[in-house]
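As the structure lists them, so they are numbered: ligands from 1, and atoms in each ligand from 1.
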Amino acid sequence: MNIFLNKIIKLKYKNKYYYKYNIKLFKFLNIKENKKKNIFLNLLLKKYYEENTILISEIKRSSPLKGIFNYNFNPIKIFINYKKNNIIFFSILSEKNFFLGSYIYLFKLNRIFNTFILCKDFIVDFIQIYKINLLKSNCILFIISIINKNLLLELEYYANILGLSIILEVNNFEEIKKIKYLKTSLLGINNRNLKNFKIDFNNLNIINNISDFKLIISESGIKNKIDLNYIKKKNIKIFLIGETLMKTKELDNKINNFLN
Ligand SMILES: O=P(O)(O)OC[C@@H](O)[C@@H](O)c1c[nH]c2ccccc12
C-alpha cells in the first residue's frame with residue numbers, strides 16, 4: 001500500500017471516536033428518517049434516460065500527487081461557473097489533510113444554493129455521514145478498499161435512513177465481490193488505482209462481473225473527448241471529472257466539448 005493511502009487511513013481511523021457508540025448516538029441525536037430520500041440518485045436516474053452524457057463536476061483544490069491546481073481557489077466562483085455551463089451534479093473534495101478541502105465550502109454552497117452535491121471524504125465513521133447530512137449534501141462516497149464488510153453494511157444503513165445517496169467506489173474485481181451484500185445501486189469505477197495512482201480506463205471491464213442493476217460512473221483521469229469516447233464505448237454515460245476542469249483556462253469550451 002502506498003504511503004499516502006496508509007497515512008490517510010491511519011488518520012481517519014484514529015479520529016473515529018464515535019463508531020462504537022453509533023446506535024446510542026443515533027438515538028441521542030434523535031435522527032428521523034429523511035422523507036426526501038435519495039434525491040441525488042433519483043435525479044441522476046432521470047437524467048440517465050434523457051441525456052447522452054452526464055458530468056459530475058468536481059471542485060478540488062489539490063491532490064497529494066499533483067499538488068495545488070489552483071492558487072486562487074474560490075469554490076463558490078467555480079461552482080457558479082459550473083452552473084452557468086448547465087452542470088447539475090457536483091462533487092466537492094472535502095478531505096482537508098491531503099486534498100486541502102473543507103466542509104466549509106459545502107456549508108457555504110448549500111446555504112446559497114439548493115443543489116446536488118457529492119461530498120467526497122474518506123468515510124470510515126457514521127459521524128462523518130451525520131455531519132455531511134447536516135451540511136445538506138445529498139450524496140456520499142464509500143471507498144470500498146478502506147472499509148471492511150461489516151462497517152460497510154452499517155454505514156449504508158445509516159446513510160439510507162438519512163436519505164443520502166451513496167456511491168460505492170471500486171477499483172478492482174475483489175472490491176466488486178465485497179459489495180455483493182449492499183443494496184446501493186450507484187457504482188463508481190475509479191480509473192485511478194489509489195495505491196499507485198495509475199490511471200487505467202480498461203479497469204472498467206470489471207463491470208462485466210456485475211449481475212444486478214448498477215448505475216455506473218466512470219471516475220478520474222479523464223482529460224479530453226478521446227478519453228470520454230473511449231469510456232463511452234463501454235456503455236457508460238456518467239463521468240466524474242476534477243483536475244481537467246479545475247485546470248482549464250476555457251471552462252465553457254471544455255464542458256461543451258465533453259457534452260456535445
Ligand atoms: O481529478 P480527476 O482525476 O478528474 O478525478 C476526480 C475524482 O474522480 C477523484 O478526485 C476521486 C475519485 N475518487 C476519489 C477518492 C478519494 C479522493 C479523490 C477521488
Check your understanding: Is the ring centre of Phe239 less than 6.0 Å from the ring centre of Phe258?
Key -> no
**Study point:** Atom indices of ligand 1 within 4.0 angstrom of Ile241 heavy atoms, with elements
**Key:** 4 (O)
Practice item. Give the atoms of ligand 1, by number and element, whose distance to some non-hydrogen atom of Glu243 is under 4.0 Å. Key: 1 (O), 2 (P), 4 (O)
Check your understanding: Can you tell which part of Thr244 has a heavy atom less than 4.0 Å from ligand 1: side chain, backbone, both or neither?
Key -> neither
Check your understanding: Quick one: do the Lys136 and Asn114 side chains pair a donor with an acceptor below 3.5 Å?
Key -> no
Review point. For Leu141 and ligand 1, does the shortest N/O to N/O distance drop below 3.5 Å?
Key: no
Point to revise | Between Asp125 and Tyr158: side-chain donor-acceptor atoms closer than 3.5 Å | key: no
Check your understanding: Is the count of non-hydrogen atoms from other residues, nucleotides or ligands lying under 6.0 Å from Lys214 atom NZ greater than 12?
Key -> yes
Exercise for review: Provide, to 0.1 Å, the distance between atom 16 (C) of ligand 1 and the closest protein heavy atom, together with that atom's residue and name.
Suggested key: Phe122 CZ, 3.4 Å
Review point. What's the shortest distance from atom 4 (O) of ligand 1 to any protein heavy atom, and which residue and atom give it?
Key: Gly242 N, 2.7 Å
Point to revise | Ligand-side contact atoms (ligand 1) for residue partner Gly221, heavy atom cut-off under 4.0 Å | key: 2 (P), 3 (O), 4 (O)
Exercise for review: Pull out every atom of ligand 1 sitting under 4.0 Å from any heavy atom of Ile143, numbered as shown with elements.
Suggested key: 15 (C), 16 (C)
Practice item. Closest by any non-hydrogen atom to atom 3 (O) of ligand 1: pick that one out of Glu169, Lys223, Arg192, Met246. Key: Arg192
Review point. What's the shortest distance from atom 10 (O) of ligand 1 to any protein heavy atom, and which residue and atom give it?
Key: Glu58 OE2, 2.6 Å
Check your understanding: Side chains of Ser220 and Asn191: donor-acceptor distance under 3.5 Å anywhere?
Key -> no
Check your understanding: When the ring centroid of Phe73 is compared with that of Tyr105, is the distance short of 6.0 Å?
Key -> yes
**Study point:** Heavy-atom nearest option to atom 5 (O) of ligand 1, drawn from Ser91, Ser220, Pro64, Ser145
**Key:** Ser220
Check your understanding: Which protein non-hydrogen atom lies closest to atom 17 (C) of ligand 1, naming both residue and atom, and how far is it?
Key -> Phe99 CZ, 3.5 Å
**Study point:** Nearest-option assignment for atom 12 (C) of ligand 1, heavy atoms, candidates Lys66, Lys247, Lys120
**Key:** Lys120
Check your understanding: Should the pair Lys177-Glu174 be classified as a salt bridge under the 4.0 Å nitrogen-to-oxygen rule?
Key -> yes
Point to revise | N or O pair under 3.5 Å between Ile222 and ligand 1 | key: no
**Study point:** Candidate pair Lys232 and Thr53, rule side-chain contact (heavy atoms from CB on, under 4.5 Å), full reasoning
**Key:** CA-CA 9 Å; Lys232 271 191 158 178; Thr53 309; 2.5 Å; yes
Point to revise | Within one Ile-Leu-Val-Met-Phe-Trp-Tyr cluster: Phe113 and Ile104, side-chain cutoff 4.5 Å | key: no
